[in-house]
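A short worksheet on the structure shown next.
Computation of the quantities below employed the complete heavy-atom set of this structure, encompassing side-chain atoms and omitting hydrogens, waters and symmetry-equivalent molecules. None of these values were measured; they are calculated from a predicted model.
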Amino acid sequence: MKLTLKEKIQQLPTDPGCYLMKNSQKEIIYVGKAKNLKNRVSSYFSGAHDHKTTQMVSFVDDFDIILTSTEKESLILEINLIKEHRPRFNILFMDDKSYPYLKLNKEGIPNVVVSRDRKHNPKFHYFGPYPNATAARNMATLLNETLPSEEGFLPNKQKIYAKFNRTELNLSDEEIDTWRQNLIKVLKGHDKEFRDALVNKMQTYAESMNYELAQSYKDRLEALDYISDKQQVQFEANDNFDMFTYAVYQGYMAIVGLFVRSGRLLEKTMALESTLEDPDDALASFIAQFYENQPIPKELYVPLELDIQTLGKILNTNVFHTHRGKKKNLMDIGKLNATNQLENQFEVLWNREKQTQLALDQLREKIHLDKKIYRIEIFDNSHISGSFAVSACVVFDDGIPNKDLYRRYKLSTGADDVASMKEVLYRRYLRILKEDGIFPDLIIIDGGITQLNAALSVLDDLDLTIPIISLIKDDRHRTRSILLPSKEEVDIKINSAMYPLLVNMQDEVHRFVITYHRHLRKKSMTRSILEEVEGLGPIGRKKLYNKFKSLRNIKAATLEELETVIPHKVAVSLKELLAIDWNEKK
C-alpha cells in the first residue's frame, strides 16, 4: 500500500542526507540535501513560498531519500545525483559544449587550430579557454594567414604557396622555431608590434577608400583584442587559474566564471536563472557540471562560503579561498559583475517567467485540463509532391525549448498527410513506451479534424491517454484557434498571453522540420550527381562534401582544388560531368 506524502513525511528521519522529489510520472524533478531530512522536506509542504518553490511543490507526487553519515557526504551525493538526473528545478549548466582553446603544434610547421580537447595533448601548446568561439576561430585564421615577427606583420606567403601547390616549406629549424616563438608571444599577449602593423594596414586601406579590406583588418584587430585584452587586474605571466563567484537576489542567481591564462583575464557570465537551492550548494553543483566538459585547472578559487575540501575531493584538484591581494580583488570584481547582471536583467527574467506561466495556465484552462502543463510536444510534417517526406517533434518544457529532446523522422508515407501523422506519432510514443520514458502533458499537431482523429486513433491503439489538440490557421496562415478532440473550436485572442507561446512553438517546429527537409534534398541532389562519376566512391564523395560544403561550391572549384581531395583522373571526370549537368539546367 502506497503511503501518502503526509504519511511519508511523518516517518522521515532527522539524519543528514539527500531527498529526490518526483512527479506523477516518477521523473526526478528536484534533488536537495539536508542536515535534518525531516525538517527540510516537511518545510516544502507548509507555510508560504516564492513562486519557483510553489511551482515545484505543485508537481511533487512522491519523494525518495538517501541517508548519509555527514552533511559533507550529502553534498557530494547531491552533486552526483544532479549530474546524473539533471532535474528541471535544480540550477544546471545548460551549455554542454566545451569552451575552445587555441592549439599550436610543438613540432613541424606551426599551425594554430581551434580545439575543444578535454585532455590536453603534450604535443601541443594550449591557450585559453575562450568563451567567444567566433573570436577564437578568427584569431586562428589571422595567425595562420600572417607571420607575426619583429617587424610586426607579414603575409604568410610561404605557407599560402605551399598550401595551394602541395609542396613542403623549405625552412631551417631555426626559422621554424622563430616563427613558433613569435606565435606564442602573440598568443600570450605580447603583440604591440603585430598590433601596430595591423592598425597601419587598416588605416592605409581606409585612406585609399578600400573599405572592404580596411574592415577585414578591423575584424582581425578585434580578434586580436579579444585574445590579448588586458583587464583591470594584472597577474604574473605564469599565473593560470579559474575562479567562480555569484550573486543572489530574490531567488535569482548569477554565476560568473573568471579564467586567468598567462596572467590575462577572460570573463564569462555562465548562468543567470532562478534557483531553489542554497546558493553555495548551487554553485558547487554548477562547478562540478562545468568541469565535466572542460579541462580541470590545477588551481580553482571559490567564495569563502564554499567547502573547499569537499569540492576539491569532487574535482580532484586544488581549491582555494581568497583572503587578500590581487586574487581577492578579482573575486570582488567578479561579485560586482554578477550583481550588475542581476540588477540589469532581474525584471526581464521575472516578467518572462511570470508571462510564460500565465500562458501555460491560460492554455490549460482553455483546453479544460485538470493538471498543470509542464512538457508539450508539437509535431509538423513536410514533403514535396510526396518526395522527401519527413516529420519533426520539438519539445517545450515550462514554455522553453528543450533542444536536447528534439527528434527528426524520415517517413515512408509520401504525400498522405494523415498517414504521415499516424506514422510519426506511432513511432514516437511506441519508443517512449518501450524505453519507459517520459510522456508529455500535452501533444499539439498541425491540421484539421482528420489529422486530429488520426492522432487520437494512434494513442488509442497504444492505450495512451495523453491530452492532444490541433492548431488551426486562417486563410492568411496565422494561428486562429485550437481544435479539441470533442470537435469544439476555441478561439485564441492575439493579445492573450498564450498566443505568442503557441505561435513560437509552431514557428520552431516548422523551422526544424523544414531545415531537415532541405538538408535531405540537398544531400540527395549532391549524391545523385556525384554517384555518376566513375572512380568516385563513398569516401571520395564524403571528402568532397566535407571540404566544399555544397554542390555549387564543388562545381565552382578549380581542377587543382578538386585534386587536393580526389585523384586527377576522377577530378577531370567530375569537372566534365558537372559542366554538362549545369548546362542542361540552364
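- A cation-pi arrangement is present between Arg88 and Tyr374, with the terminal nitrogen or guanidinium carbon under 6.0 Å from the aromatic centre and inside a 45° cone about the axis.
- At least one side-chain heavy atom of Pro440 sits less than 4.5 Å from a side-chain heavy atom of Ile466.
- With Glu73 contributing its side chain and Ser69 its backbone, the two residues share a donor-acceptor pair below 3.5 Å.
- You'll find the side chain of Asp380 stays beyond 4.5 Å of the side chain of Ile514, heavy atoms only.
- Partners of Thr479 according to the side-chain contact (heavy atoms from CB on, under 4.5 Å) rule, which considers only residues two or more places apart in sequence or in another chain, are Ile492, Tyr499, Val503, Gln506.
- Between Ile9 atom CD1 and Thr4 atom OG1 the span is 8.5 Å, to the nearest 0.5 Å.
- Heavy-atom contacts from other residues, nucleotides or ligands closer than 6.0 Å to CZ of Arg431 number 12 or fewer.
- Residues passing the side-chain contact (heavy atoms from CB on, under 4.5 Å) test with Lys8 are Leu3, Asp62, Phe63, Asp64, sequence neighbours excluded.
- In this structure, the side chains of Thr70 and Pro16 stay at 4.5 Å or more apart for every pair of heavy atoms.
- In this structure Tyr252 satisfies the ring-ring contact (aromatic ring centres under 6.0 Å, His included) test together with Phe346, sequence neighbours excluded.
- With hydrogens and angles left out, the side-chain atoms of Asp280 and Tyr246 include a donor and acceptor closer than 3.5 Å.
- Residue pairs meeting the ring pair (Phe, Tyr, Trp, His ring centres under 6.0 Å) criterion with at least one member in residues 11-40, sequence neighbours excluded: Tyr19-Tyr44.
- One finds the CG atom of Leu75 at 9.5 Å from the CG atom of Asn80 (value rounded to the nearest 0.5 Å).
- For the residue pair Ala454 and Val418, the shortest heavy atom distance occurs at CB-CG1, 3.6 Å.
- Leu430 contributes atom CG, which lies 9.5 Å from atom CD of Glu435 (distance to the nearest 0.5 angstrom).
- At least one side-chain heavy atom of Asn453 sits less than 4.5 Å from a side-chain heavy atom of Leu456.
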Between Ser391 and Asn381, does a side-chain hydrogen bond (donor to acceptor under 3.5 Å, both in side chains) hold up when you go through it step by step?
CA-CA 4 Å; Ser391 187; Asn381 303 321; 2.6 Å; yes

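- In plain terms, the two heavy atoms of Leu360 and Leu501 that are nearest each other are CD2-CD2, 3.8 Å.
- Residues that satisfy the side-chain contact (heavy atoms from CB on, under 4.5 Å) test with Arg408, not counting sequence neighbours, are Phe512, Tyr516.
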Go through it in stages, so that I can follow the logic: the residues are Gln341 and Asn337, the test is side-chain hydrogen bond (donor to acceptor under 3.5 Å, both in side chains), and I'd like the CA-CA distance, side-chain angles, deciding distance and then a yes or no.
CA-CA 6 Å; Gln341 286 282 340; Asn337 289 347; over 6 Å; no

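- The aromatic ring centres of Phe244 and Phe290 sit less than 6.0 Å apart.
- For the atom pair Ile65 CD1 and Lys38 NZ, the distance stands at 10.0 Å (nearest 0.5 Å).
- Glu508 and Asn504 form no side-chain donor-acceptor contact under 3.5 Å, judged by distance and modelled atom types alone.
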In sequence, state the C-alpha distance, the side-chain angles, and the governing distance for Glu377 and Arg428, and then conclude on side-chain contact (heavy atoms from CB on, under 4.5 Å).
CA-CA 10 Å; Glu377 294 188 352; Arg428 171 71 174 170; 2.7 Å; yes

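- At least one side-chain heavy atom of Ile82 sits less than 4.5 Å from a side-chain heavy atom of Glu277.
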Before giving the answer on side-chain contact (heavy atoms from CB on, under 4.5 Å), spell out for Leu311 and Asp307 the whole-Å C-alpha distance, their side-chain angles and the decisive distance to 0.1 Å.
CA-CA 6 Å; Leu311 191 55; Asp307 183 339; over 6 Å; no

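- Using a 4.5 Å cut-off on side-chain heavy atoms (C-beta onward), Leu433 and Phe439 make contact.
- The CE atom of Met421 sits 7.0 Å away from the CG atom of Asp446 when rounded to the nearest 0.5 Å.
- Under the 4.5 Å side-chain criterion, counting only non-hydrogen atoms from C-beta, Ile444 is in contact with Leu442.
- The CD1 atom of Ile445 lies 4.5 Å from the OG atom of Ser470; values are rounded to the nearest 0.5 Å.
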Please lay out, stage by stage, how Ile482 and Leu363 fare under the test side-chain contact (heavy atoms from CB on, under 4.5 Å).
CA-CA 10 Å; Ile482 296 170; Leu363 178 60; 3.8 Å; yes

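- For NE2 of His510, the number of neighbouring non-hydrogen atoms (other residues, nucleotides, ligands) closer than 6.0 Å is 12 at most.
- For Arg375 and Asp441, the salt-bridge test fails: no basic side-chain N is under 4.0 Å from an acidic carboxylate O.
- Ala392 and Val509 get closest at one heavy-atom pair: O-CG2, 3.8 Å.
- More than 12 heavy atoms of other shown residues, nucleotides or ligands fall within 6.0 angstrom of atom CG in Asn546.
- Ala247 pairs by the side-chain contact (heavy atoms from CB on, under 4.5 Å) definition with Ala338, Thr339, Leu342, not counting sequence neighbours.
- Under the 3.5 Å distance criterion, with hydrogens and angles disregarded, no donor-acceptor pair is assigned to the side chains of Asp491 and Ser481.
- Residues Ser496 and Gln362 come closest through the heavy atom pair CB-OE1, 3.6 Å.
- Side chain of Asn90 to main chain of Val31: a donor-acceptor pair is present (N/O by atom type, distance under 3.5 Å, no hydrogens or angles).
- The shortest non-hydrogen separation linking Leu5 to Asp61 is CD2-O, 3.9 Å.
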Given Leu484 and His368, is the side-chain contact (heavy atoms from CB on, under 4.5 Å) satisfied, shown in steps?
CA-CA 10 Å; Leu484 303 181; His368 317 306; 3.8 Å; yes

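- Side-chain contact between Asn23 and Ile438: absent, with no pair of heavy atoms (C-beta onward) separated by less than 4.5 Å.
- Of the possible polar contacts, one joining the Thr317 side chain to the Pro297 backbone as a donor-acceptor pair under 3.5 Å is found.
- Nearest heavy atoms, Gly334 versus Thr245: C-CG2, 3.3 Å.
- Of the N and O atoms on the side chains of Ser285 and Gln289, at least one donor lies less than 3.5 Å from an acceptor on the other residue.
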